[in-house]
*Asks:* 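I'd like to ask you about the structure that follows.
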Amino acid sequence: MFTRLIPILLLWLISTVVHAVSYRATIEDSNWELESSIFVCRLSHEIPSFGRAVFEHEAGENVHFLLDPTEKGHFAKGAMLVSEAPPWRPGLLTKAIGPVKAVKSGKLDVKTDYAKAMLAALHKGLMPTFTTETWYGTPEYLRVSVSAVNFRNAYNDYVGCVAQLLPVNYRQVARTAVLFPPGEWRLSDSTRERLDLIILYIKNDNSVQSVYVDGHSDSAGRRLANRDLSKKRAEVVTDYFVKNGLSDDMVTTRYHGERYPVVPNTTKDNRARNRRVTIRLEKE
């Protein structure tokens with residue numbers, strides 16, 4: 001680990017010695033804004049003349065950080081991320097957080113562990129700082145710092161927002177498959193827990209207009225019996241939805257027997273995957 005960080009630290013040290021172009025908000029300009037809902041919490045900070053810094057915590061996910069420059073070519077080679085003291089707190093040690101790669105959009109997307117380290121640094125009054133070795137193709141280094149000024153009050157509101165996020169987001173429930181043992185159509189405890197999450201999400205997102213429930217079976221046994229089994233599986237899921245508060249009008253129930261396997265019914269594991277009910281949500 002130490003060996004891997006040596007060239008990274010050298011990059012940061014060189015950038016402090018040679019001329020570097022630096023961007024950060026002044027004390028007067030430093031401001032943090034919170035966008036809050038049960039679906040996502042975004043804590044953002046404007047970096048004058050450069051772009052925007054955003055901590056994003058989506059329901060059902062972990063926090064990550066985006067550094068979004070107005071001009072997208074700055075971080076083609078990625079950047080080194082450290083936490084360092086602001087100019088008015090000299091003497092504090094700079095700590096390496098790690099290297100960050102750019103994504104295709106030209107943004108820096110900082111994953112959960114590093115994003116949490118950034119939040120901790122900001123809470124301590126330190127500046128997470130990104131350094132890259134070229135600025136507009138010149139040999140000058142580029143340094144972009146995220147200011148901790150006025151951070152703590154906004155962070156307290158952010159923590160409150162995270163506490164009330166839903167446990168899942170739309171992507172996690174929009175396409176769901178629940179599985180059944182051979183010959184069974186009754187709901188297991190784990191299946192009920194999964195359906196409860198779907199119900200909770202639908203009740204909180206008015207843009208979900210339709211729910212499609214499709215029952216399936218494997219190919220073991222007679223075709224008509226498999227069709228009846230897939231019908232029972234679909235209906236027990238629909239009944240659970242309606243009994244727990246979803247409108248009967250929004251749920252469409254269908255059953256297909258063994259007609260649409262997701263994998264060939266050639267092995268025990270494959271047949272287990274085909275004994276399923278799929279649930280699909282559609283927004284307006």
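Count residues from 1 along the sequence. Quick note: numbers below take in every heavy atom, side chains included, and nothing from hydrogens, waters or symmetry partners.
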*Asks:* Answer with yes or no whether the hydrophobic clustering places V144 together with F65; edges join I, L, V, M, F, W, Y residues whose side-chain heavy atoms lie under 4.5 Å apart.
*Replies:*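 Yes; F65 is reachable from V144 via cluster members.
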*Asks:* Would you say the side chains of R24 and S147 form a donor-acceptor pair under 3.5 Å?
*Replies:*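 Result is no, nothing qualifies.
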*Asks:* For the pair D196 and N244, evaluate side-chain hydrogen bond (donor to acceptor under 3.5 Å, both in side chains) and give the outcome as yes or no after the intermediate values.
*Replies:* CA-CA 8 Å; D196 287 342; N244 284 278; 5.2 Å; no
*Asks:* Taking the six-membered ring of Y170 as reference, does the NZ or CZ atom of K283 fall below 6.0 Å from its centre and within a 45° cone about the axis?
*Replies:*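 Positive - K283 is close enough to the ring of Y170 and near enough to its axis.
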*Asks:* Is it the case that over 12 heavy atoms from other parts of the model lie below 6.0 angstrom from the CZ atom of R194?
*Replies:*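 Count over threshold, so yes.
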*Asks:* Under 4.5 Å side-chain heavy-atom separation, chaining through any Ile, Leu, Val, Met, Phe, Trp or Tyr, what else clusters with W185? Say none if it is isolated.
*Replies:*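 Via sub-4.5 Å side-chain contacts, W185 links to L229.
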*Asks:* Under a 3.5 Å distance rule, please check whether N265 uses its side chain to pair with a backbone N or O of P261 as donor and acceptor.
*Replies:*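 Between the backbone of P261 and the side chain of N265 there is no qualifying donor-acceptor contact (under 3.5 Å).
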*Asks:* So, S230 and S217: side-chain donor and acceptor under 3.5 Å apart, yes or no?
*Replies:*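 S217 and S230 do not have a side-chain donor-acceptor pair below 3.5 Å.
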*Asks:* Residues two or more places apart in sequence or in another chain: which of them pass salt bridge (Lys or Arg N to Asp or Glu O under 4.0 Å) with K124?
*Replies:*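 Listed in chain order: nothing, the list is empty.
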*Asks:* Would you say CZ of R223 has more than 12 non-hydrogen atoms from neighbouring residues, nucleotides or ligands within 6.0 angstrom?
*Replies:*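 Open.
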*Asks:* Under a 4.0 Å N-O cut-off, is there an ion pair linking K111 with E56?
*Replies:*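 Salt bridge: no.
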*Asks:* Do Y255 and R233 have side chains that approach each other closer than 4.5 Å (heavy atoms only, starting at C-beta)?
*Replies:*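 Y255 vs R233: side chains apart.
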*Asks:* Step by step, would you call R192 with D189 a salt bridge (charged side-chain N to carboxylate O under 4.0 Å, His left out)?
*Replies:* CA-CA 5 Å; R192 289 190 184 92; D189 290 343; 3.3 Å; yes
*Asks:* Answer with yes or no whether the side chains of N62 and H57 bring together a donor and an acceptor at under 3.5 Å.
*Replies:*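 No, because no side-chain N or O of H57 sits under 3.5 Å from a partner of the opposite role on N62.
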*Asks:* Same cluster or not: L165 versus Y201, using hydrophobic residues (I, L, V, M, F, W, Y) connected whenever any side-chain heavy atoms lie under 4.5 Å apart?
*Replies:*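 Cluster IDs for L165 and Y201 differ.
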*Asks:* Is it true that R143 and E84 make a salt bridge, defined as a side-chain N closer than 4.0 Å to a carboxylate O?
*Replies:*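 The answer is yes: the pair qualifies as a salt bridge.
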*Asks:* Indicate if F55 and V159 have the same hydrophobic cluster label, given that clusters are the connected sets of ILVMFWY residues with side-chain heavy-atom separations under 4.5 angstrom.
*Replies:*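 Per the 4.5 Å side-chain linkage, F55 and V159 are co-clustered.
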*Asks:* How long is the straight-line distance from CG of L281 back to OG1 of T176, given to the nearest 0.5 Å?
*Replies:*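 Answer rounded to 0.5 Å: 6.5 Å.
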*Asks:* Between D228 and K231, is the closest basic N to carboxylate O distance under 4.0 Å?
*Replies:*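 D228 and K231: not salt-bridged.
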*Asks:* Side chains of H256 and D214: is there a donor and an acceptor less than 3.5 Å apart?
*Replies:*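 Yes, a side-chain donor-acceptor pair sits under 3.5 Å.
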*Asks:* If you compare all heavy atoms of C161 against all heavy atoms of V40, which two are closest, and at what distance to 0.1 Å?
*Replies:*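 Taking every non-hydrogen atom into account, SG-O, 4.1 Å.
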*Asks:* Please identify each residue that fulfils salt bridge (Lys or Arg N to Asp or Glu O under 4.0 Å) with K101, with sequence neighbours left out.
*Replies:*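 K101 satisfies salt bridge (Lys or Arg N to Asp or Glu O under 4.0 Å) with no other residue.
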*Asks:* Going by salt bridge (Lys or Arg N to Asp or Glu O under 4.0 Å), name the residues that satisfy it together with K268, two or more places apart in sequence or in a different chain.
*Replies:*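 If we apply the salt bridge (Lys or Arg N to Asp or Glu O under 4.0 Å) test to K268, skipping adjacent residues, there are no hits.
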*Asks:* Residues two or more places apart in sequence or in another chain: which of them pass side chain to side chain contact (heavy atoms under 4.5 Å, CB included) with E61?
*Replies:*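 E61 satisfies side chain to side chain contact (heavy atoms under 4.5 Å, CB included) with E58, N169, R171, Q172 only.
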*Asks:* Do D269 and T267 have side-chain atoms, one donor and one acceptor, less than 3.5 Å apart?
*Replies:*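 Short answer, no.
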*Asks:* Go through it in stages, so that I can follow the logic: the residues are H64 and Y114, the test is ring-ring contact (aromatic ring centres under 6.0 Å, His included), and I'd like the CA-CA distance, side-chain angles, deciding distance and then a yes or no.
*Replies:* CA-CA 8 Å; H64 70 118; Y114 288 1; over 10 Å; no
*Asks:* Can you tell me how far apart CD1 (I27) and CH2 (W88) are? Round to the nearest 0.5 Å.
*Replies:*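 Rounded to the nearest 0.5 Å, the CD1-CH2 separation comes to 4.5 Å.
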*Asks:* Tell me, please, which residues at least two apart from K203 pass salt bridge (Lys or Arg N to Asp or Glu O under 4.0 Å).
*Replies:*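 Result, salt bridge (Lys or Arg N to Asp or Glu O under 4.0 Å) vs K203: none returned.
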*Asks:* When you measure from the centre of the six-membered ring of F180, is the NZ or CZ of R275 under 6.0 Å away and within 45° of the axis?
*Replies:*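 Relative to the ring axis of F180, which defines the angle, R275 lies outside at least one limit.
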*Asks:* Run the numbers on R280 and V211 for side-chain contact (heavy atoms from CB on, under 4.5 Å), then give the verdict.
*Replies:* CA-CA 6 Å; R280 176 167 58 92; V211 181; over 6 Å; no
*Asks:* Do the non-hydrogen side-chain atoms of N274 and Y260 ever get within less than 4.5 Å of each other?
*Replies:*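 In short, these two side chains do not touch, never coming nearer than 4.5 Å.
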*Asks:* In terms of heavy-atom contacts, does CZ of R175 have more than 12 from other residues, nucleotides or ligands at under 6.0 Å?
*Replies:*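 Yes, because the 6.0 Å sphere around CZ of R175 holds more than 12 heavy atoms from other groups.
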